[in-house]
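So the structure is just underneath, and the comments pick up after that.
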Amino acid sequence: MGIFDSAIGYFVRGGLCMWPLLFCSLAVIFLAVERYVYYRQAISDTKFVMMFCKEMTRGKVSEAAGLAEKESGSAAKLAKDILSEKDSLGQSLESVTYEKTDRYLNQLSDHLDYLGVIIGLSPMLGLLGTITGMMGTFSSMTGQLQNTAGVTAGLAEALITTIFGLVIAIAGMLVHAYLNARYKKAMLDLDAVADALISGLSGK
């Protein structure tokens with residue numbers, strides 16, 4: 001209970017700017033969990049991508065289709081979508097393949113921009129809270145500046161929001177870096193599958 005009470009005490013002393021900072025921290029946690037769970041389902045195994053591309057390069061379309069049926073994730077779904085429609089696509093094979101690839105990439109990149117906003121917003125909210133806190137401190141100390149201990153305590157409390165803002169931004173940067181790495185891997189895999197489909201089905 002001591003740690004919890006201390007956290008509540010810091011939050012209260014931080015002022016009104018602590019509320020949007022609290023929202024930012026909860027948003028980082030939510031986005032991290034939501035994207036992590038989604039990526040576990042939406043990102044295909046790289047081993048599948050390599051085997052699928054290998055089979056398509058050899059012209060073994062039926063074997064590649066069999067691999068896609070057994071796999072989950074965006075790359076496998078792209079392969080199944082195109083292979084199931086290959087007879088009706090004709091000259092539009094390339095455009096349809098890349099259009100579907102872009103749609104899957106958009107789904108994978110959802111919410112990553114929100115993390116970027118939070119990373120930039122949190123330190124600014126912290127700085128705003130510090131500035132307003134310092135203004136309040138100096139206003140309350142008018143005519144009592146000889147009380148240096150009081151001024152120091154007030155400034156320390158004003159810096160609480162800056163600390164919280166920086167902590168949230170650092171955590172957000174770590175989460176964003178991890179998720180962005182997962183997204184780039186998925187993007188490379190989707191592009192590889194798309195190229196293999198176009199090359200294998202069009203005879204290029």
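Keep in mind the model is a prediction, meaning the values are calculated, not measured. We use all heavy atoms of the structure for the numbers below, so side chains are in, but hydrogens, waters and symmetry mates are not.
Between L31 and I118 the shortest side-chain heavy-atom distance falls below 4.5 Å. The shortest side-chain heavy-atom distance between H176 and L179 does not fall under the 4.5 Å cut-off. In this structure, V175 and Y178 have side chains that are not in contact, with every pair of non-hydrogen atoms separated by 4.5 Å or more. Contact of the E63 side chain with the K54 side chain is not registered, since no non-hydrogen atoms from C-beta on lie closer than 4.5 Å.
Ionic pairing of K77 and D81 is not present here: no N-O contact between side-chain nitrogen and carboxylate oxygen is shorter than 4.0 angstrom.
At least one donor-acceptor pair under 3.5 Å links the side chain of Y39 to the backbone N or O of L108. Between the side chain of S25 and the backbone N or O of L22 there is at least one donor-acceptor pair closer than 3.5 Å. Without hydrogens or angle criteria, S44 side chain to S72 main chain gives a donor-acceptor distance under 3.5 Å. In this structure, the side chain of R40 does not engage the main chain of R35 through any donor-acceptor pair within 3.5 Å. The backbone N or O of D45 sits less than 3.5 Å from a side-chain atom of E71, completing a donor-acceptor pair.
Scanning both residues, T161 and T130, for their nearest heavy atoms gives OG1-N, 3.0 Å. The minimum heavy-atom distance between I168 and S122, with the atom names listed, is CG2-OG, 3.2 Å. Scanning all heavy atoms of the two residues, the minimum distance from G172 to V28 falls at CA-CG1, 4.2 Å. Taking both residues in full, the closest heavy atoms of A169 and P123 are given as CB-CG, 3.6 Å, listed atom of the first, atom of the second, then distance. Considering all non-hydrogen atoms of both residues, A79 and L197 come closest at CA-CD1, 3.9 Å.
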(request) Starting from the C-alpha separation in whole Å, work towards a yes-or-no answer on side chain to side chain contact (heavy atoms under 4.5 Å, CB included) for I131 and L127. (result) CA-CA 6 Å; I131 292 173; L127 181 60; 4.0 Å; yes
(message) Walk me through whether Y38 and H111 qualify under side chain to side chain contact (heavy atoms under 4.5 Å, CB included).
(response) CA-CA 11 Å; Y38 177 74; H111 309 325; over 6 Å; no
(request) Could you walk me through whether M51 and M56 pass side chain to side chain contact (heavy atoms under 4.5 Å, CB included), step by step? (result) CA-CA 9 Å; M51 292 177 64; M56 289 298 297; over 6 Å; no
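Under the 3.5 Å distance criterion, with hydrogens and angles disregarded, a donor-acceptor pair is assigned to the side chains of Y98 and D195.
We find the OG1-CG distance between T46 and L188 to be 9.0 Å, quoted to the nearest 0.5 Å. With values rounded to the nearest 0.5 angstrom, S74 atom OG is found 5.5 Å from L190 atom CG. Taken from CZ in R103 to CG in L105, the straight-line distance is 12.5 Å, to the nearest 0.5 Å. Here the straight-line distance linking atom OG1 of T97 with atom CD1 of I198 works out to 4.5 Å at 0.5 Å rounding. The structure places CD1 of I43 at 14.0 Å from OH of Y104, a figure rounded to the nearest 0.5 Å. One finds the SG atom of C53 at 10.5 Å from the CG atom of L67 (value rounded to the nearest 0.5 Å).
Hydrophobic clustering, with ILVMFWY side chains joined whenever heavy atoms are under 4.5 angstrom apart, groups L26 together with Y114. In the hydrophobic clustering of ILVMFWY residues, with side-chain heavy atoms under 4.5 Å counting as a link, L121 and F30 come out together. Hydrophobic clustering (ILVMFWY, side-chain heavy atoms < 4.5 Å, transitive): I119 and M124 are in distinct clusters. Note on M173: it does not cluster hydrophobically with L21, by side-chain heavy-atom contacts below 4.5 Å among ILVMFWY residues. One hydrophobic cluster, built from ILVMFWY side chains closer than 4.5 Å, cannot hold both I82 and M50; they sit in different ones.
The local environment of CG in D113 is sparse, with at most 12 non-hydrogen atoms from other residues, nucleotides or ligands closer than 6.0 Å. Within a 6.0 Å radius of NZ in K80, more than 12 heavy atoms belonging to other residues, nucleotides or ligands are found.
F48 is linked by a ring-ring contact (aromatic ring centres under 6.0 Å, His included) to F52, counting only residues two or more places apart in sequence or in another chain.
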